Protein chains: 2
Amino acid sequence: MIESVKKACQIISCFSNEEPVLGIGAIAEKLGLHVSTAHHIVTTLCDEGVLMKDQKKKYRLGWRVLEWNNHVMFQQDVYEKAMPIVKELILRFKGTVHIAMFDKGTVVFVLRVSSEESTPIQTYIGSRKPAYATSSGKVLLAYNSVYLQETINRGLSHEGPNTITDINQLKKELAEIRKKGYSISNSENSDDMYGVAAPIFSYSGEIIAAVNLVGPPSYMQGSNGDMIIRSLKSTAQSISKELGYIEI
Amino acid sequence: MIESVKKACQIISCFSNEEPVLGIGAIAEKLGLHVSTAHHIVTTLCDEGVLMKDQKKKYRLGWRVLEWNNHVMFQQDVYEKAMPIVKELILRFKGTVHIAMFDKGTVVFVLRVSSEESTPIQTYIGSRKPAYATSSGKVLLAYNSVYLQETINRGLSHEGPNTITDINQLKKELAEIRKKGYSISNSENSDDMYGVAAPIFSYSGEIIAAVNLVGPPSYMQGSNGDMIIRSLKSTAQSISKELGYIEI
DNA sequence: CCCCTTGTTCGACAATATCGAATGTCGTTC
DNA sequence: GAACGACATTCGATATTGTCGAACAAGGGG
């Protein structure tokens, strides 16, 4: 593990929507680094265009981050290919669409699209939830046994009215998900929220992410449910296809 | 300058739309690093979520890049606030909208939105052009004398039919741009392309970027021109306002 | 099943990041 | 307008840490 690289990553992560502009002192303090050390790393990051310094000697994220973002797989696919379907879904069901990935035992939300009138949900890009308590998480667990093992090792706790806390019951549900090709969650991580998720596969057939739609149960159950599931599965498949995955 | 941080940035930049998935060997070779060194850095980046390793031991960009991207100032503002106007403009004039920043003597395009039927333009996110030969570049030069000096030091060369190659003429045009609040470029960097650009200011009143619209001259000159300029200036102003800039 | 390619680990050396302090620069207050 | 204070930046010495070469492991193809 290379320390300075870790520190650099942490420095970049200091910048947020709440604090988009920071000085050296603030950065150093946040991370418990010596100002001098922080300064060296920050200068390097500026040179690379990852950060930018303004005339007031304050730093902000730079253009290079935007460039990197553009090269993340499925980022474009979502925006260019899947967006029409995604837009339709969120407008129709006043919901929110996420793309989620598995990382260090939990689910991370990496993309988020919602309509203005959608029911507010407490997720933002980079936020995490237990995998076993979300529709996206369950899809990820269903198609990757390593993820499942990591999750079991961490233990299952009660997150919402319907959270699955029994390992065998979870395994049974995951088998069901593999058979159907999608997962649902009904108030498993928070009250009164219904979610549906489908898997995104990479070129090698490995699951790398999940798309999901979350919204109020009333809109999403019943006959609408089938339509949502079909749309979501086709969205997921079209993204997978762009990543080079060939369905058997 | 911290070497390992620089190397880490270069490693991240190796990933592109053409090569979204790379092995350690490929990365090391691309950058002339020893595989062992590359491996250490890559492992660290994986640990931070900047890269991800799949079961085939291939690496790709990870979720953290998406998170960082979300914290870049004006990224959101463009997508949430300015997009309606931007969308209308590109559809109406079959053009392309960019956001550009100044970096190391040239202009870098950091965002790019175009309609499907727009005239193809050879720009992509991260691509560069001489500042004095683009509408965005000229705006950036007009409002920042440091940028201008850097540009002059590099020298002005002929890029298209109408490129400005005389420093005094350039300075005269920049004064004009400051007076009008926008810039135009007419086939200055490539044949038959007409561009209009407006400045984006940060909270401290410093110019940090420019929005521009590029398209075929036929659509954009004449009476349409005024409408485009007004829309573009208001787009730029609304982004500036979100960044905390208060107009005098 | 074996070979060959590719990724991963190991250990010693030397480069280099770190720390503390001193210097510089800006903005603010009296 | 001058002096203060807060902050960024530079400097230099030490020891940490990244680098390199080579040996090891794993995985895929013949």
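Computed from a predicted structure; not experimentally measured. Chain A is the first sequence line, chain B the second, and so forth, proteins listed ahead of strands; every chain is numbered from 1. Computed over heavy atoms, backbone and side chain alike; hydrogens, waters and symmetry mates excluded.
- Applying a 4.0 Å cut-off to non-hydrogen atoms, the residues of residues 20-31 of chain B that approach DNA chain C are B/Gly23, B/Ile24, B/Gly25, listed by residue number.
- Of the N and O atoms on the side chains of A/Thr123 and A/His98, at least one donor lies less than 3.5 Å from an acceptor on the other residue.
- For A/Glu206 (side chain) and B/Gln55 (main-chain N/O), a donor-acceptor pair under 3.5 Å exists by modelled atom type.
- None of B/Val78, B/Val97, B/Ile85, B/Val139 except one satisfies the side chain to side chain contact (heavy atoms under 4.5 Å, CB included) rule with B/Val211; the exception is B/Val97.
- D/dG18 atom P lies 14 Å from atom CG of B/Leu33, rounded to whole Å.
- A donor-acceptor pair is defined here as one N or O able to donate and one able to accept, closer than 3.5 Å; no such pair exists between the side chain of A/Ser185 and the backbone of A/Thr134.
- Mapped onto DNA chain C by nearest heavy atom, A/Lys57 and B/Tyr59 fall at different nucleotides, with B/Tyr59 at the one closer to the 5' end.
- Side chain of A/Lys30 to backbone of A/Ile11: no donor-acceptor contact under 3.5 angstrom is found.
- Using a 4.0 Å heavy-atom cutoff across all strands shown, A/Ser4 reaches sugar-phosphate atoms only and no base atom.
- Under a 3.5 Å cut-off, the side chain of A/Lys138 and the backbone N or O of A/Leu174 do not form any donor-acceptor pair.
- For the pair B/Gln55 and A/Lys58, both in contact range of DNA chain D, the more 5′-proximal nearest nucleotide belongs to A/Lys58.
- Side-chain atoms of B/Ser36 and base atoms of D/dC20 include a donor and an acceptor less than 3.5 Å apart.
- On the nucleic acid side, DNA chain C contacts chain B at distances under 4.0 Å to non-hydrogen atoms, with the end points of that region at C/dG7 to C/dT18.
- If you find the closest nucleotide of DNA chain D to A/Lys56 and to A/His40, the one lying nearer the 5' end belongs to A/Lys56.
- Of the candidates D/dT10, D/dG21, D/dG27, the closest approach to any side-chain atom of A/His39 belongs to D/dT10.
- In this structure, B/Lys7 reaches the sugar-phosphate backbone alone: every heavy-atom distance under 4.0 Å involves primed, P, OP1 or OP2 atoms, never a base.
- Side-chain atoms of A/Ser136 do not come within 3.5 Å of backbone N or O of A/Ala210 as any donor-acceptor pair.
- The 12-atom threshold is not exceeded at NZ of B/Lys179, counting heavy atoms of other residues, nucleotides or ligands nearer than 6.0 Å.
- Per the geometry, NE2 belonging to B/His34 stands 11 Å off P belonging to D/dA22, to the nearest Å.
- Rounded to whole angstrom, the span from the CD1 atom of B/Ile2 across to the P atom of D/dT17 amounts to 13 Å.
- No donor-acceptor pair under 3.5 Å is formed between the side chain of A/Arg64 and the backbone N or O of A/Leu45.
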